[in-house]
Amino acid sequence: MPPRTRLTNLYSKINYQGEEQFSTVTIEATAPAPVEVSYPEPTLCQVTVRAALTMYPGPLYVQDGIIREVTLYTAQEQAVFNINLDEAVQAGIACIEGIPYRICLNFTRRPLQDFYQDRVVVIDPGHGGSDPGHRGPVNLLERDMAWKTAGELAKILKGLKARVVMTRRQEENPSWQERLARVPPGAFCFLSVHEYGSPDTTRRGTAVLYNPARPGNKGLAAAVLERIVTRVKTPARGTAADAELVQLGQLPALRIEPVTITNWVDEGLLRNPYFHQKTALATVVAIKQYFCQRS
Ligand SMILES: [Zn+2]
């Protein structure tokens, strides 16, 4: 009798098929195994595989705006994966032969694209050029870190077909007034990226400042902050009104400070490219969810 099929790995990522983006959950197995997919609720995809579960018991936190998390357990000789969704989308299934055998569940990211497509998002990387901004204990510069997170924001938003306008080039330091002048009419929102800095090097954490001229911006800032700190596990420093952002009038405008760069733990986070990616994705998802809950 051949050894029983075992499921050995579970992961999720975002990928493209042509022009369309998908959130994919992949289950790896030692051999082909029968799969059943059902939807006990519109936002719950249940995948049952006739195989033994020999992997980390989870849950797998994804939080990419489509997939919230995957929980797994064994019942009656079968492995059950509960894929909790933020959107009522159904999966296409692809099984890929090979070692390992892969069961891929592809969920369209169209709800995010439908929201962002053709919207103009202005991204404002703080400082630049001769202005380094705050400096970390091991010499990372706020200017460069803001540029990195801003680049991830731009990449994600362009992938969702938004029109991205940057207020500066990499080696440039326009004045605040020059940056404002680069905001095109009809822009949907303005996202400034900085890092916080403090003479007290024990201070840590993430903050999101907002434009108080538009009443909804405080709630928007809170939603973005919550999503970021949940994802990257930094302490929350809170939200606050920002005097400069007032000049953006009725525009939803935020100033995101992903870390306190003068703290060595926080500075270390900035060295991980995934930190910038996660922060950017959390921001993009939080903004979409905030506006969709309200409409
Ligand atoms: Zn700054």
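Counting starts at 1 for both ligands and their atoms, in listed order. Scope of the values below: all heavy atoms of this structure, side chains included, with no hydrogens, waters or symmetry mates. Because the structure is a prediction, the values reported are computed rather than measured.
Centroid-to-centroid, the aromatic rings of His134 and His127 stay 6.0 Å apart or farther.
In this structure, Glu178 CD and Arg168 CZ are separated by 13.0 Å, a value rounded to the nearest 0.5 Å. The CD atom of Gln90 sits 4.5 Å away from the OH atom of Tyr39 when rounded to the nearest 0.5 Å.
No more than 12 heavy atoms of other residues, nucleotides or ligands shown are found within 6.0 angstrom of CZ on Arg6. More than 12 heavy atoms of other residues, nucleotides or ligands lie within 6.0 Å of CD in Gln46, so this atom counts as buried by the packing criterion.
Residues passing the side chain to side chain contact (heavy atoms under 4.5 Å, CB included) test with Arg237 are Tyr196, Arg203, Ala207, Glu257, Thr260, sequence neighbours excluded.
For a distance threshold of 2.8 Å, the protein N, O or S atoms nearer than that to the Zn ion (ligand 1), listed by chain and number, are His127 NE2, Glu142 OE2, His194 ND1.
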